[in-house]
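If you're wondering where the values come from, they're calculated on a predicted model, not measured in any experiment.
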Amino acid sequence: MPESRCELVAIAPADLPILQTMATYYVYDMSEFCGWEFPDTGLYGCEPFDKYFADPDAHCYFVRVAGELGGFAVVDTKGSSPEVEFNMAQFFVHRKFKGRGIGAWAASTLFARFPGLWEVNVIPENRAAFAFWRAIIHRAAAGPVEEGRRPAPHLKGAIKDIFRFHTA
């Protein structure tokens, strides 16, 4: 079971360079599903994550597997409408650990840690992520799950597949 070897470790602001570097792998992984061009610089860029450390309502975690960096997660409170209490702003599991239950463990642990009304937004082209989140959310939800494709105002109106659900 992943639980015995996994932990979520709060990310300190001093660890921002590590998180930002990991984010380039996150974008690289998503490029497979989203068809993004490989940059001429040879390095995928990612939005700056420092904004999460400036937000008192954001929670950044490294996923560690037997002590090794295995991914990261960022939970904030910026949903598609004001009543959303928690949003999975960023979520990444290193390829080495995919398919081993690590991502399911991390997501379920965060849903339990922050009970309330959640949203998870998925890029529509990333069907693998959609399937992952659908399975995890339906197991974690305390009640019905809303699913729909619509603009996400908090993400500059980008079209997303949005899951909305409560956890207890």
Side-chain angles (χ1 to χ4, degrees), residues 1-39 41-53 55 58-78 86-116 118-142 145 147 155 160-165 167:
M1 292 298 272
E3 302 89 23
S4 64
R5 8 181 233 126
C6 293
E7 60 182 331
L8 291 171
V9 179
I11 302 174
D15 293 324
L16 176 59
I18 297 167
L19 176 61
Q20 201 67 54
T21 299
M22 290 176 72
T24 62
Y25 294 99
Y26 176 45
V27 174
Y28 168 75
D29 274 5
M30 286 192 299
S31 73
E32 176 181 357
F33 303 102
C34 298
W36 299 331
E37 290 185 23
F38 190 61
T41 61
L43 181 66
Y44 280 103
C46 187
E47 67 179 63
F49 278 36
D50 57 342
K51 66 183 178 183
Y52 298 116
F53 294 100
D55 180 350
H59 308 276
C60 304
Y61 298 96
F62 284 131
V63 178
R64 289 202 171 266
V65 182
E68 181 180 350
L69 278 175
F72 61 80
V74 178
V75 174
D76 68 13
T77 59
K78 294 173 176 54
F86 301 105
N87 172 54
M88 191 68 74
Q90 307 289 343
F91 190 86
F92 169 70
V93 174
H94 187 283
R95 281 187 181 207
K96 174 180 179 178
F97 298 111
K98 287 189 177 181
R100 298 184 186 183
I102 307 301
W105 173 85
S108 297
T109 300
L110 288 167
F111 293 151
R113 186 172 290 180
F114 298 101
W118 273 86
E119 275 190 356
V120 174
N121 301 274
V122 179
I123 296 170
E125 296 83 5
N126 194 342
R127 303 318 297 160
F130 182 87
F132 167 83
W133 285 114
R134 177 182 263 172
I136 301 306
I137 288 167
H138 280 275
R139 285 197 303 261
V145 176
E147 294 181 23
L155 298 172
K160 300 289 183 178
D161 287 328
I162 300 176
F163 294 94
R164 183 180 283 201
F165 57 99
T167 61

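- Residues passing the side chain to side chain contact (heavy atoms under 4.5 Å, CB included) test with Phe86 are Val75, Phe114, Trp118, sequence neighbours excluded.
- Val93 and Gly103 get closest at one heavy-atom pair: CG2-CA, 3.7 Å.
- With rounding to the nearest 0.5 angstrom, the CD1 atom of Ile137 is 9.0 Å from the CZ atom of Phe130.
- His94 pairs by the ring pair (Phe, Tyr, Trp, His ring centres under 6.0 Å) definition with nothing, not counting sequence neighbours.
- Qualifying salt bridge (Lys or Arg N to Asp or Glu O under 4.0 Å) partners for Glu47, counting only residues two or more places apart in sequence or in other chains: Lys51.
- The ring pair (Phe, Tyr, Trp, His ring centres under 6.0 Å) search around Tyr61 returns none, not counting sequence neighbours.
- The minimum heavy-atom distance linking Ala14 with Pro17 is given by the pair O-CD, 3.4 Å.
- Two residues are said to be in side-chain contact when any heavy atoms from C-beta on lie closer than 4.5 Å; Asn87 and Thr77 fail this criterion.
- Distance check: Arg5 CZ to Arg100 CZ gives 6.5 Å after rounding to the nearest 0.5 Å.
- Checked against side chain to side chain donor-acceptor pair (under 3.5 Å), Arg134 has the following partners two or more places apart in sequence or in another chain: Glu147.
- Between Leu69 and Ile18, some side-chain heavy-atom pair lies under the 4.5 Å cut-off.
- Residues forming a salt bridge (Lys or Arg N to Asp or Glu O under 4.0 Å) with Arg113 (at least two apart in sequence, or on another chain): none.
- Minimum heavy-atom separation, Gly45 to Val27: O-CG2, 3.4 Å.
- Within the 4.5 Å cutoff, no side-chain heavy atoms of Gln20 are placed close to those of Asp50.
- To the nearest 0.5 Å, atoms CG (Leu110) and CG (Leu8) are separated by 5.0 Å.
- Using a 4.5 Å cut-off on side-chain heavy atoms (C-beta onward), Tyr52 and Leu16 make no contact.
- Between Met88 and Phe111 the shortest side-chain heavy-atom distance falls below 4.5 Å.
- Smallest separation of non-hydrogen atoms from Ala104 and Arg139: CB-NH2, 4.2 Å.
- Listed here is the closest heavy atom pair of Ala106 and Val63: CB-CG2, 4.0 Å.
- Across Pro115 and Thr167, no two heavy atoms sit closer than the pair CA-OG1, 3.2 Å.
- Partners of Phe62 under the ring pair (Phe, Tyr, Trp, His ring centres under 6.0 Å) rule, at least two apart in sequence or in another chain, do not exist in this structure.
- Atom-to-atom distance recorded for Phe72:CZ and Tyr25:OH is 12.0 Å, nearest 0.5 angstrom.
- The shortest distance between side-chain heavy atoms of Leu19 and Phe53 falls below 4.5 Å.
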- Message: Quick one, His59 with Val74, criterion side chain to side chain contact (heavy atoms under 4.5 Å, CB included). Give me CA distance, side-chain angles, the key distance, then yes/no.
- Response: CA-CA 6 Å; His59 308 276; Val74 178; over 6 Å; no

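- Taking CZ of Phe92 as the reference point, atom CE of Met30 lies at 9.5 Å (rounded to 0.5 Å).
- Applying the salt bridge (Lys or Arg N to Asp or Glu O under 4.0 Å) test to Asp161 and every residue at least two apart in sequence or in another chain returns Arg127, Arg149.
- Evaluation of the side chain to side chain contact (heavy atoms under 4.5 Å, CB included) rule for Lys78 yields Asp55, Asp76, His154 as partners, not counting sequence neighbours.
- Annotation: salt bridge (charged side-chain N to carboxylate O under 4.0 Å, His left out) contacts involving residues 8-29, sequence neighbours excluded, comprise Asp29-Arg95, Asp29-Lys98.
- Residue Asn126 holds its CG atom at 11.0 Å from CZ of Phe132, rounded to the nearest 0.5 Å.
- Under the salt bridge (Lys or Arg N to Asp or Glu O under 4.0 Å) criterion, Glu68 pairs with Lys96, sequence neighbours left out.
- Under the ring pair (Phe, Tyr, Trp, His ring centres under 6.0 Å) criterion, Tyr44 pairs with Phe38, sequence neighbours left out.
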